[in-house]
Amino acid sequence: MSEQQTAGNATASGADAAITAENAYSFAAIEAKWPAVWDQLGVFTPKDDGSRERRYVLDMFPYPSGDLHMGHAEAFAMGDVVARYWRLKGYDVLHPIGWDSFGLPAENAAIKRNAHPAEWTYKNIDTQAASFKRYGLSLDWTRRLHTSDPEYYRWTQWLFLRFYERGLAYRKNHPVNWCPKDQTVLANEQVVNGACERCGTPVTKKALNQWYFKITEYADRLLDDMKELEGHWPERVLAMQRNWIGRSEGAHVDFTIEATGDGSRSEQKVTVFTTRPDTLYGATFFVVAADADLASELVAPEQAAALAEYQDRVKALSEIERQNTDREKTGVFLGRYAVNPLSGEKLPVWAADYVLADYGTGAIMAVPAHDQRDLDFARAFGLPVRAVLDTGDEDPAATGMATAGEGTIVNSGPLDGLSKAEGIAKAIEIVEAAGTGEGTVNYRLRDWLLSRQRFWGAPIPIIHCEVDGEVPVPDDQLPVRLPDDLRGEQLAPKGTSPLAAAEHWVNVACPQCGGPARRDTDTMDTFVDSSWYYLRYLSPDYTEGPFDTAAAKRWMPVAQYVGGVEHAILHLLYSRFFTKVLKDMELVDFDEPFAALMNQGQVLNGGKAMSKSLGNGVDLGEQLDQYGVDAVRLTMVFASPPEDDVDWADVSPSGSAKFLARAWRLGQDVTSEPGVDPAQGDRALRSVTHRTIAEAGELVEAHKFNVVVAKAMELVNATRKAIDAGPGGSDPAVREAVETVAIILSLVAPYTAEDLWAALGHEPSVANASWPAYDPALLVEDTVTAVVQVQGKVRDRLEVSPDIAEAELRELALASPNVQRILDGRGIRTVIVRAPKLVNIVPA
RNA sequence: GCCCCAGUAGCCCAAUCGGCAGAGGCAGCGGACUUAAAAUCCGCCAAGUCAGGGUUCGAGUCCCUGCUGGGGCACCA
């Protein structure tokens with residue numbers, strides 16, 4: 001900025017400005033100055049011309065609920081460090097932004113305001129977009145997308161149809177999780193402790209005909225491919241996914257349910273899943289899930305009334321009550337007997353709610369001696385307990401404690417004498433040979449319930465015809481657009497989708513027979529939208545398919561994904577599933593979409609998550625107004641390692657602002673010209689600079705961003721000292737140091753760094769600069785301090801050459817008067833020498 | 001109940017392979033500059049690493065036990 005312009009500005013902002021405008025740091029001034037320059041230069045749009053190695057950095061895209069908040073500020077600050085570092089390192093970096101813009105809040109707002117959800121949604125997106133721009137992120141805005149745009153959801157629907165063709169999208173009538181408040185079904189993953197993940201309302205069960213994705217078919221691949229992610233994803237996220245998929249090895253064993261004496265029920269085969277086939281001889285009763293159809297099929301006529309009554313009782317329980325593991329065991333005898341295929345023993349068949357209808361086969365053989373749940377049930381109903389594995393523990397029947405450890409099999413005919421593991425193998429062998437069972441693997445994972453009875457989502461592109469049944473909407477009729485004439489109350493949840501009431505939309509001609517038909521009125525879970533958005537960024541305007549497969553080949557997988565751990569299972573598991581299906585469709589050539597994952601911590605205030613109800617929220621906009629963008633970003637990054645929480649009450653944005661001003665002022669004191677040879681400069685300062693470069697690079701790569709900032713502070717301090725009390729501002733080493741400060745700072749504080757870069761006489765943008773190379777010669781010290789210990793305690797320090805020989809160091813150490821005094825004539829047992837830094841003398 | 005992570009100055013946090021407990025910041029204290037204040041600059045202060053045990057010449061770091069805090073899972077046969 002020229003002096004004339006400065007003077008002009010001074011009059012505009014008052015008399016005091018004249019004193020400060022020239023040489024004082026003003027975040028407001030620099031925030032106003034640079035965004036237009038960045039836009040004009042197009043710094044953050046990747047070249048995509050193959051001239052550089054490509055890297056894809058992605059932050060989980062936001063949901064447009066109001067303006068950005070402190071959480072966004074932290075997450076995006078972290079992702080930007082990586083994107084900017086890689087750009088400086090010479091990579092062609094893709095760092096796009098978009099919005100996950102379908103979802104319930106928009107609908108609720110529309111109902112309240114008698115408006116259309118799009119109005120609220122796109123207004124919020126505009127607000128957030130402006131805030132993102134202010135926040136100085138190195139984003140490529142040319143690829144911006146919104147999942148609620150018809151051009152986007154057209155392809156969400158297209159993908160649904162491809163899944164449908166492959167048998168991966170299907171409908172079934174099944175008891176599902178139902179949120180009474182949101183009036184919609186929920187996926188298993190969206191039920192937390194028996195309550196709706198979104199609103200906290202206790203979830204109930206409801207039998208409904210719903211759409212599912214067959215994610216279970218990919219359970220083994222979702223599990224196995226995690227090997228690729230180990231070391232690159234946080235261990236706890238992998239653990240949570242492993243846990244959620246819940247692979248367990250065991251056996252399917254067929255039991256024969258005997259016909260009733262009066263012939264009212266005939267003989268029937270029922271399969272159980274067990275992980276403990278070694279305990280087959282210990283089975284003393286048989287249980288089926290009370291809410292499964294199987295219970296009603298099996299029940300003997302004289303017990304039917306009792307079962308019906310029990311089922312009513314079970315239905316009345318909330319999910320929260322049902323999941324309480326301290327509950328007394330309940331159940332009802334079905335009047336039937338199951339024959340153990342190994343022992344031939346007859347076992348009474350019971351129905352109980354501790355057996356789950358949708359895990360395994362919904363039926364179990366109960367082995368009370370070796371399973372705590374079965375034992376609790378046996379004791380409640382006076383059923384026999386028979387130990388078949390001698391673990392050395394006391395009899396479970398007496399103690400009430402089932403024994404689950406290792407031991408030797410007893411009372412089990414052909415299995416006697418075997419260990420647990422041998423018994424499992426042998427029992428599987430026997431049932432397989434007899435044709436009454438087989439070894440198998442079972443998963444905890446359930447299919448993904450994707451239909452929602454809400455308006456603001458991608459309509460499911462299926463038409464129901466009386467003649468042809470389910471008919472997919474032909475590709476050339478996509479997208480199935482949402483009607484835009486529904487308002488307010490018309491969108492209110494009624495238990496069925498609001499779309500059902502839009503008669504003009506619902507009634508269509510069947511694409512196959514032309515006869516009268518109705519559109520499917522459910523919309524897709526918004527997690528479907530977000531399961532493939534990272535691919536759409538690669539070719540956001542592509543019209544031949546959801547994405548350009550060539551672009552996917554160039555850019556995928558995402559090299560660094562950044563987002564909150566709250567998506568550990570939901571979004572990340574679904575996206576992994578989608579990727580695997582796309583691979584099978586030969587649209588992509590990789591198995592995992594996100595090669596590396598970083599979970600940023602939360603922003604707390606006073607030890608607690610910010611929330612309206614606690615009234616401890618901190619407004620991001622106010623923080624930015626008060627301290628400036630760079631100071632807020634710096635505070636986020638400096639406070640702690642990225643994955644740790646930041647407590648806003650514990651940190652100091654004003655301290656950050658002070659540091660930034662201090663760094664910026666260095667630029668005012670550099671008097672050498674750009675391009676001077678730093679080799680002529682002060683060696684001590686150069687040594688600090690080059691050490692900082694070396695360390696900062698390693699630290700960024702290790703994601704220790706907070707330490708990078710600390711190193712930058714050290715360099716700033718050293719440079720200030722060199723200017724004021726050393727070689728002075730004209731020394732070429734000072735220029736080199738300040739240029740390094742600008743480049744490192746650009747990772748976190750782009751405005752300040754850019755302004756500093758300009759003050760040093762460089763053309764914008766600092767984002768186009770290169771991460772400096774360090775000179776290893778400058779990292780070598782003239783002397784190092786060797787520590788001399790006696791028995792591990794420091795007794796002397798010696799200044800020695802870094803390449804001192806072990807023997808010489810040993811002699812020097814032993815000659816130390818301090819050492820001699822401490823040794824006090826005692827002999828020496830050993831001397832450990834780690835030249836050049838340490839000697840440890842062990843006295844006799 | 002089971003599994004995972006973390007405990008270092010008053011506070012937030014550093015500390016390659018086990019090798020001098022301290023890099024950086026906040027707060028505090030003192031000084032310089034100022035008529036004064038703000039801003040700025042300089043300096044100072046501070047823990048022996050949650051507790052106990054073990055391995056080692058040497059442990060914040062490795063092993064065991066416990067305590068505290070945080071997170072995940074939880075009738076999944």
Side-chain angles (χ1 to χ4, degrees), chain A residues 20 24-25 192-193 234-240 242-244 246-248 250-251 272-276 279 287 289 322-327 329 352-356 358-367 370-374 376-377 442-446 565 568-569 601-602 607 634-635 638-641 643-647 649-656 658-659 661-662 665 692 695 698-699 702 704 706-717 720-721 724-725 785-797 829-834 837-843:
Chain A
T20 57
Y25 173 77
V192 179
N193 292 326
E235 186 45 49
R236 64 170 171 157
V237 173
L238 294 176
M240 284 160 75
R242 237 177 250 124
N243 211 318
W244 189 261
R247 179 188 160 97
S248 63
V272 301
F273 173 72
T274 176
T275 55
R276 294 296 304 278
T279 62
V287 191
R322 178 169 167 143
Q323 285 183 10
N324 177 8
T325 51
D326 301 334
R327 252 174 73 228
K329 289 284 181 287
D353 67 352
Y354 83 93
V355 172
L356 307 176
D358 54 0
Y359 182 77
T361 61
I364 64 158
M365 64 173 202
V367 185
H370 306 300
D371 183 289
Q372 192 59 47
R373 297 154 301 185
D374 296 344
D376 293 344
F377 191 85
N442 202 40
Y443 295 93
R444 212 193 76 122
L445 185 70
R446 314 289 152 88
V565 73
I569 298 169
Q602 283 186 32
L634 184 84
T635 304
F638 182 49
S640 61
E643 65 275 15
D644 285 9
D645 291 345
V646 176
D647 194 328
D650 290 339
V651 295
S652 171
S654 63
S656 299
K658 231 152 76 174
F659 163 72
R662 193 171 145 82
R665 278 195 308 272
T692 304
E695 290 175 343
E698 278 178 33
L699 289 164
K704 297 182 181 181
N706 55 326
V707 190
V708 174
V709 173
K711 295 294 173 195
M713 287 173 169
E714 248 177 289
L715 181 56
V716 166
N717 291 343
R720 172 48 58 198
K721 205 164 271 177
D724 292 347
T785 307
V787 174
V788 184
Q789 302 176 329
V790 177
Q791 244 174 337
K793 288 202 170 66
V794 180
R795 299 302 186 180
D796 203 357
R797 284 157 217 273
R829 189 146 63 107
T830 351
V831 181
I832 283 122
V833 184
R834 294 281 181 273
K837 300 188 82 169
L838 177 127
V839 180
N840 190 11
I841 298 160
V842 188

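Note that this is a predicted model, so its numbers are computed, not measured. Numbered from 1 within each chain, the chains take letters A, B, ... in sequence-line order.
For the residue pair N717(A) / R662(A), a side-chain donor-acceptor distance below 3.5 Å is found, with atom types taken as modelled.
In this structure, V367(A) reaches neither bases nor backbone, as no heavy-atom distance under 4.0 Å exists between it and the strands shown. Residue contacts for D650(A): at a heavy-atom cut-off of 4.0 Å it reaches the sugar-phosphate backbone alone, with no base atom in range. Among the atoms of the strands shown, none is found under 4.0 Å from any heavy atom of K793(A). When heavy atoms are screened at a 4.0 angstrom cut-off, V787(A) is found touching base atoms of the nucleic acid. Nucleic acid contact for R834(A): base, since at least one base atom lies under 4.0 Å from a heavy atom of the residue. Across all strands shown, N717(A) has heavy atoms under 4.0 Å from sugar-phosphate atoms exclusively, and none from any base. Residue contacts for E698(A): at a heavy-atom cut-off of 4.0 Å it reaches no nucleic acid atom on any strand shown. Residue-level contact check: R662(A) touches the backbone only, with heavy atoms under 4.0 Å from sugar-phosphate atoms and none from bases. Residue contacts for T274(A): at a heavy-atom cut-off of 4.0 Å it reaches the sugar-phosphate backbone alone, with no base atom in range.
E695(A) CD to E714(A) CD: the interatomic distance, rounded to the nearest 0.5 Å, is 7.5 Å.
R242(A) has no side-chain polar atom (N or O) that falls below the 4.0 Å cut-off from OP1 or OP2 of rC4(B). A close approach under 4.0 Å does not occur between any side-chain nitrogen or oxygen of K711(A) and OP1 or OP2 of rA15(B).
Where D724(A) and A639(A) each meet RNA chain B at their nearest nucleotide, the meeting point lying more 5' is that of A639(A). Between R446(A) and I569(A), it is I569(A) whose nearest contact on RNA chain B lies nearer the 5' terminus.
For R829(A), the CZ atom is loosely surrounded, since the number of other residues' heavy atoms within 6.0 Å does not exceed 12.
In this structure, the nucleotide among rG72(B), rG19(B), rG43(B) sitting nearest to the side chain of M240(A) is rG72(B). With rG71(B), rC75(B), rA23(B) as the candidates, the nucleotide lying closest to the side chain of A710(A) is rA23(B). Comparing rG25(B), rC73(B), rC13(B) by their closest approach to the side chain of N243(A) singles out rC73(B). Relative to the side chain of V355(A), the nucleotides rC75(B), rA77(B), rA74(B) differ in distance, and rA77(B) lies closest.
Applying the Watson-Crick and G-U wobble criteria (two distances, each under 3.5 Å), rA74(B) pairs with nothing in any strand. The base-pairing partner of rA15(B), taking Watson-Crick or G-U wobble contacts with both distances under 3.5 Å, does not exist among the strands shown. Under the Watson-Crick or G-U wobble criterion, with both distances below 3.5 Å, rA39(B) is left unpaired in every strand shown.
Classified by interplanar angle (parallel below 30°, tilted 30° to 60°, perpendicular above 60°), the ring pair F377(A)/Y354(A) is tilted.
Classification of R276(A) and D371(A) as a salt-bridged pair fails, no side-chain N sitting under 4.0 Å from a carboxylate O.
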